[in-house]
Amino acid sequence: MESGPYSFVVAVENSEPVVAGIADFSMGAGSGPVSKTADARDPEGKALTMALDSGYPSYISVSGLSLTFTPPQTQPSATIPLSYTLSDGINTLPFTFTLTLTNLPPVWLEPLFDQTCTVGTICHYSPSYADPEGAAVTLTYAPDVPPWVTDGFRIAPGYDVGPGAYEVRDVVLSDGAGGQSAAGAFWIKVVNNPPSEFTLVDVAINVGEVYNYSIPSSSDPEGNPLSLSISNLDPSYMTLTPPTLRLSPPPSEPHSTRLITLTYSDGALTTARTFTLTILNAPPYLPLVDQQLMPNVESQYSLPMAVDPEGSAVTVEYSNAGEMPGYIRWSEGNRTMSFFPSEADAGSRFSARFAISDGSHMVEQELNITVGMVPRGNGGVAQNSGPPYFVTTPSISLHAGTKLVYELPDIADPDSDTIDPPFITLGPILPFSKLIGATMIELAPEIRDIGKYKFKVLLRDQNPSQVRSIEYLIPVEILPIDAPLNEKAPTKVQSNQTFAPNWVSLQFAKGIINNDGLLSLRFVPQLQNEKLIHSMQYSPFKVTLVEPSWIGNTPTKSMVQKVLKSEPMATVELGYNVTEVTKMQITLQLNLSIIASLPYSQVSYSICLMICSNITLYMYS
């Protein structure tokens with residue numbers, strides 16, 4: 001046997017681990033934990049270790065040969081490549097796989113519907129939605145959404161929000177992980193009705209009086225408190241203390257008409273109505289009595305006190321005193337005229353003019369002075385025992401809401417002289433009365449007319465030597481509906497009185513119609529026929545719109561009659577009520593409904609005349 005050194009080779013083998021790596025997979029956010037384990041063994045039975053490469057998401061953890069995935073609900077969708085190694089201490093093997101993470105956006109569980117909401121209420125709209133991964137969902141919409149839409153869909157329009165449709169747009173659901181629903185939209189119909197309707201009545205009040213105008217109430221259908229405003233008030237004599245508007249025009253307030261508008265507002269909508277306020281301020285007057293003088297007979301006439309129907313202070317100025325003839329002397333101190341006519345003055349006439357003002361009106365009246373002829377024969381100078389008089393004392397008393405046709409009592413004259421028709425000035429009772437005959441007045445007062453009034457009646461005779469006259473103030477009392485009558489109202493239906501005949505001639509005048517239909521026709525020169533003046537108070541006459549060729553001209557009587565006869569449509573007769581007649585002018589209240597009923601061509605022409613220029617009207621009886 002041989003002996004000696006021997007050598008041999010020892011082959012050490014260490015096999016790589018046998019591994020089936022983790023395959024690609026997908027999962028939803030918030031759906032963990034999910035574990036994935038590498039299928040690996042070491043041929044030599046050594047223990048294996050797993051290590052993830054750096055930069056892996058925090059929701060992945062390693063335990064042994066397993067990876068655990070717990071992505072939160074807020075984790076957005078992503079495709080994530082992952083790498084790891086397995087080692088037996090000697091051999092290290094790399095592996096890769098891909099994680100596909102899904103996160104679906106929130107979804108509406110029902111469509112968005114339009115909403116209706118009434119102001120002053122809170123409407124909640126809660127359409128259903130959800131997040132597939134169960135994440136919390138936030139809701140957003142466009143920044144121009146009405147400010148009364150808050151907290152998701154809390155809809156609370158205030159009373160100041162007007163009715164209409166309001167859009168809520170760009171409504172988006174978000175899960176906080178970048179997932180968003182498609183933008184949606186819906187409309188909100190806001191219901192808001194205006195304050196309820198109310199009715200106003202026109203009112204007329206005399207200066208110096210107090211009238212409490214009752215303001216009707218209104219309500220808001222949605223229950224909103226209402227505010228009241230009034231336009232065109234004059235604070236100097238109008239005081240608003242709801243529900244009353246106190247009207248107290250001072251005596252210096254001029255005759256005027258104004259439109260007062262009452263407006264109720266609920267903050268968004270208004271209801272307004274207008275009434276006409278007429279301030280009545282009749283002009284002052286002097287109860288002058290024309291003087292009939294006889295030659296060689298001295299006499300005096302003291303100027304009467306000037307009267308203002310509303311009680312205002314009145315000033316009187318003798319405007320043409322410098323023109324007095326020599327047989328008249330004027331004493332300013334005691335306001336007396338002294339007359340010393342001689343036979344040389346027989347047949348002369350003089351008109352003394354007096355300017356009368358109450359601060360609002362300036363009117364002029366004339367005192368006509370006539371010197372009669374020298375009487376011839378044995379009769380000497382005729383005498384006049386006195387003016388005409390009423391046989392019984394006139395007065396009127398009736399209830400508001402009733403109608404009365406009143407006729408003046410019989411009129412007598414102490415000398416059985418011929419009597420002029422009584423000259424009636426309705427004055428303060430004009431709003432509810434009108435003349436329907438020489439001695440007949442129709443009264444139709446309303447509740448607002450309750451009170452005491454007086455109107456004037458002038459009686460005058462036609463004594464050939466000296467005319468005598470007297471003015472009566474006839475009391476009128478309008479009683480409440482349930483009040484007893486203080487006196488019996490005369491009910492005469494027929495009169496045997498006869499008066500001097502009236503000769504009424506054609507008279508032309510021009511005037512202007514205002515927006516309320518009041519027409520003032522001024523006579524230039526002023527009327528001289530007093531019978532015509534009196535007749536106009538109750539006798540019918542025509543007022544017409546005339547053809548354009550007459551504007552600015554003065555047609556003759558034959559021209560007027562010819563046109564009215566041959567071309568009936570050339571003029572349009574207007575309805576009217578007489579409100580005042582003097583020597584200088586007549587004031588009429590026209591019936592504008594007649595103008596409104598005209599054919600279009602005539603209406604447009606008539607309106608143009610009223611607005612654009614002085615309308616020329618011709619009046620005759």
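Just so it is clear, the values below take in all heavy atoms, side chains as well, and ignore hydrogens, waters and symmetry mates.
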Rounded to the nearest 0.5 Å, what's the gap from [atom1] on [X] to [atom2] on [Y]? Could you check?
X      : Y      : atom1 : atom2 : result
Phe432 : Tyr453 : CZ    : OH    : 4.5 Å
Leu262 : Ser218 : CG    : OG    : 10.5 Å
Asp308 : Asn281 : CG    : CG    : 6.0 Å
Ile424 : Ile429 : CD1   : CD1   : 9.0 Å
Cys123 : Gln115 : SG    : CD    : 8.0 Å

Smallest separation among heavy atoms of [X] and [Y], with atom names:
X      : Y      : value
Leu408 : Phe390 : CB-CE2, 4.0 Å
His361 : Pro284 : CB-CD, 3.8 Å
Pro287 : Glu471 : CB-OE1, 3.5 Å

Sub-4.5 Å side-chain heavy-atom contact between [X] and [Y]:
X      : Y      : value
Ile481 : His399 : no
Leu443 : Tyr406 : yes
Tyr166 : Ile155 : no
Arg154 : Ile122 : yes
Ile411 : Leu459 : yes
Val405 : Met440 : yes
Met238 : Arg246 : no
Leu277 : Ile205 : yes

Counting distance only, does the side-chain N/O of [X] pair as donor-acceptor with the main-chain N or O of [Y] below 3.5 Å?
X      : Y      : result
Thr271 : Pro195 : yes
Ser357 : Gly359 : yes
Asn224 : Ala268 : no
Asp220 : Asp266 : no
Asp358 : Pro283 : no
Ser469 : Val289 : no
Ser351 : Glu366 : no
Asn192 : Val119 : no
Gln365 : Leu286 : yes

Using only heavy-atom distances, determine whether the side chains of [X] and [Y] contain a donor-acceptor pair under 3.5 Å.
X      : Y      : answer
Thr261 : Thr274 : yes
Thr244 : Asn212 : no
Glu222 : Asn193 : yes
Glu407 : Thr439 : yes

Item to check | Stepwise side-chain contact (heavy atoms from CB on, under 4.5 Å) check, Glu477 with Leu398 | outcome: CA-CA 7 Å; Glu477 184 174 16; Leu398 73 158; over 6 Å; no
Checklist entry - Arg258 pairs by side-chain contact (heavy atoms from CB on, under 4.5 Å) with which of Thr276, Asp234, Ile279? => result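 Single pass found, and it is Asp234.
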Item to check | Contacts of type ring-ring contact (aromatic ring centres under 6.0 Å, His included), residue Tyr318, not counting sequence neighbours | outcome: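 Result, ring-ring contact (aromatic ring centres under 6.0 Å, His included) vs Tyr318: Trp330, Phe354.
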Next on the checklist: Can you list everything that forms a ring-ring contact (aromatic ring centres under 6.0 Å, His included) with Tyr159? Sequence neighbours excluded, please.
Outcome noted: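 For Tyr159, no residue satisfies ring-ring contact (aromatic ring centres under 6.0 Å, His included) once neighbours in sequence are set aside.
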Item to check | Worked check of side-chain contact (heavy atoms from CB on, under 4.5 Å) between Leu367 and Arg353 | outcome: CA-CA 7 Å; Leu367 173 65; Arg353 294 192 298 272; over 6 Å; no
Item to check | Val314 and Ile356: CA distance, side-chain angles, deciding distance, side-chain contact (heavy atoms from CB on, under 4.5 Å) verdict | outcome: CA-CA 7 Å; Val314 180; Ile356 310 149; 3.3 Å; yes
Checklist entry - What do the steps show when you test Lys189 against Asp114 for side-chain contact (heavy atoms from CB on, under 4.5 Å), and what is the final call? => result CA-CA 8 Å; Lys189 178 184 177 183; Asp114 294 341; over 6 Å; no
Checklist entry - Is the NZ or CZ atom of Lys456 both under 6.0 Å from the centre of the six-membered ring of Tyr285 and within 45° of that ring's axis? => result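 The answer is yes; both the distance and angle limits are met.
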Checklist entry - Taking atom CG of Leu473 as the centre, does the number of heavy atoms from other residues, nucleotides or ligands within less than 6.0 Å exceed 12? => result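 Buried by this count: over 12 neighbours within 6.0 Å.
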Checklist entry - Between Phe186 and Phe153, is a ring-ring contact (aromatic ring centres under 6.0 Å, His included) present by the stated rule, with each step listed? => result CA-CA 11 Å; Phe186 66 95; Phe153 294 130; 5.1 Å; yes
Item to check | Pairs flagged by ring-ring contact (aromatic ring centres under 6.0 Å, His included) wherever residues 195-220 is involved - sequence neighbours left out | outcome: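 ring-ring contact (aromatic ring centres under 6.0 Å, His included) check on residues 195-220 returns Phe198-Tyr264, Tyr213-Phe275.
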